[in-house]
Engineer: 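Here it is: the structure, laid out below.
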Amino acid sequence: HDVKQRRFDELIELQTRNGLELNRAMDGREYDVLVDEVKCDADGGMSLLSSRTDGNKIVEFVGPAELYGCYARVRITEPKSWLLKGELVR
């Protein structure tokens, strides 16, 4: 069991590093994303939205809940290992 867990941990560490490296290349770029989830309310009547690029990358950003099910233009502002954070452009 220890060998299995160690190998799993190594795999997750490798994926985390590789994901961050790939996502950093997207920093500052704009993408059309499909909003597929309204996660929670944010300040000023806005919501935290979750969306996906055409390459299936997860992008979270603050915007109106009415964007659910629609495409939005988002600029990537904070690449993470497992997802991207962005800001609504239009």
Side-chain angles (χ1 to χ4, degrees):
H1 184 280
D2 290 336
V3 172
K4 181 178 167 182
Q5 185 63 48
R6 181 179 52 78
R7 288 180 179 170
F8 178 75
D9 292 344
E10 289 171 0
L11 183 62
I12 293 298
E13 183 181 329
L14 180 64
Q15 180 60 41
T16 299
R17 280 195 316 262
N18 288 345
L20 182 57
E21 184 178 322
L22 291 170
N23 287 348
R24 280 184 176 151
M26 300 173 77
D27 194 18
R29 295 185 178 181
E30 292 183 8
Y31 295 89
D32 292 318
V33 297
L34 178 61
V35 179
D36 60 0
E37 184 179 359
V38 177
K39 297 192 93 165
C40 62
D41 291 334
D43 293 334
M46 303 297 258
S47 299
L48 178 61
L49 305 175
S50 182
S51 61
R52 293 191 181 259
T53 66
D54 60 358
N56 209 31
K57 295 276 190 173
I58 298 172
V59 181
E60 291 183 344
F61 65 98
V62 174
E66 292 78 23
L67 286 176
Y68 176 77
C70 299
Y71 283 93
R73 187 80 171 170
V74 175
R75 179 179 303 108
I76 304 305
T77 58
E78 191 178 347
K80 302 280 191 176
S81 296
W82 298 95
L83 62 90
L84 301 155
K85 301 237 179 210
E87 63 186 11
L88 182 63
V89 175
R90 59 174 159 84

Engineer: By salt bridge (Lys or Arg N to Asp or Glu O under 4.0 Å), which residues pair with Asp27, not counting sequence neighbours?
Structural biologist: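 Once residues adjacent in sequence are excluded, Asp27 has no partner under the salt bridge (Lys or Arg N to Asp or Glu O under 4.0 Å) criterion.
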Engineer: I'd like to check the side-chain contact (heavy atoms from CB on, under 4.5 Å) partners of Arg6; sequence neighbours left out, ordered by chain and number.
Structural biologist: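 Testing Arg6 for side-chain contact (heavy atoms from CB on, under 4.5 Å), a comparison that skips the adjacent residues, returns Val3, Glu10.
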Engineer: My understanding is that only residues two or more places apart in sequence, or in another chain, count here; which of them pass side-chain contact (heavy atoms from CB on, under 4.5 Å) with Leu20?
Structural biologist: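 Checked Leu20 against side-chain contact (heavy atoms from CB on, under 4.5 Å); matches are Arg24, Ser81.
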Engineer: Is it the case that over 12 heavy atoms from other parts of the model lie below 6.0 angstrom from the CG atom of Asp9?
Structural biologist: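 Above 12, so yes.
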Engineer: Does Arg29 CZ have over 12 foreign heavy atoms under 6.0 Å away?
Structural biologist: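 Atom CZ in Arg29 is not crowded, with 12 or fewer foreign heavy atoms closer than 6.0 Å.
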Engineer: Kindly write out the residues that satisfy side chain to side chain donor-acceptor pair (under 3.5 Å) with Gln15, not counting sequence neighbours, or none if the list is empty.
Structural biologist: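 For Gln15 there are no side chain to side chain donor-acceptor pair (under 3.5 Å) partners, ignoring immediate neighbours.
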Engineer: Locate the shortest heavy-atom distance separating Val35 from Ala72; write the atom from each residue and the value.
Structural biologist: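 Where Val35 meets Ala72 most closely, the heavy atoms are CG2-CB, 4.4 Å.
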Engineer: Taking side chain to side chain contact (heavy atoms under 4.5 Å, CB included) as the criterion, tell me which of Lys57, Glu78, Lys80 meets it with Asn23.
Structural biologist: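 Among Lys57, Glu78, Lys80, the one meeting side chain to side chain contact (heavy atoms under 4.5 Å, CB included) with Asn23 is Lys57.
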Engineer: Quick one: CZ on Arg52 to CG on Asp36, what's the gap to the nearest 0.5 Å?
Structural biologist: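 Atom-to-atom, Arg52:CZ and Asp36:CG are 6.0 Å apart.
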Engineer: Would you be so kind as to tabulate the donor-acceptor pairs closer than 3.5 Å made by side chains of residues 60-71, with sequence neighbours excluded?
Structural biologist:
residue : atom : partner : partner atom : Å
Glu60   : OE1  : Lys85   : NZ           : 3.2
Glu60   : OE2  : Lys39   : NZ           : 2.9

Engineer: Please write out which residues are connected to Ile58 in a hydrophobic cluster, directly or through intermediates, given that two of Ile, Leu, Val, Met, Phe, Trp, Tyr count as joined at side-chain heavy-atom separations below 4.5 angstrom.
Structural biologist: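 Once heavy-atom contacts under 4.5 Å are chained together, Ile58 belongs with Leu83.
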Engineer: When you look at Arg17 and Glu13, which way does the salt bridge (Lys or Arg N to Asp or Glu O under 4.0 Å) test go after all the steps?
Structural biologist: CA-CA 6 Å; Arg17 280 195 316 262; Glu13 183 181 329; 2.9 Å; yes
Engineer: Kindly indicate whether the side chain of Pro79, heavy atoms from C-beta on, has any atom under 4.5 Å from the side chain of Leu84.
Structural biologist: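 Yes, at least one pair of side-chain atoms sits under 4.5 Å.
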Engineer: Does CD in Glu37 sit with more than 12 non-hydrogen atoms of other residues, nucleotides or ligands closer than 6.0 Å?
Structural biologist: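 Counting neighbours around CD of Glu37, more than 12 heavy atoms of other residues, nucleotides or ligands fall under 6.0 Å, so yes.
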Engineer: Honestly curious: do Leu34 and Val59 fall in one hydrophobic cluster under the side-chain, below-4.5 Å linking rule?
Structural biologist: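 Looking at the clustering, Val59 is in a separate group from Leu34.
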Engineer: What's the verdict on side-chain contact (heavy atoms from CB on, under 4.5 Å) for Tyr31 and Met26, showing C-alpha distance, side-chain angles and the deciding distance?
Structural biologist: CA-CA 9 Å; Tyr31 295 89; Met26 300 173 77; 3.5 Å; yes
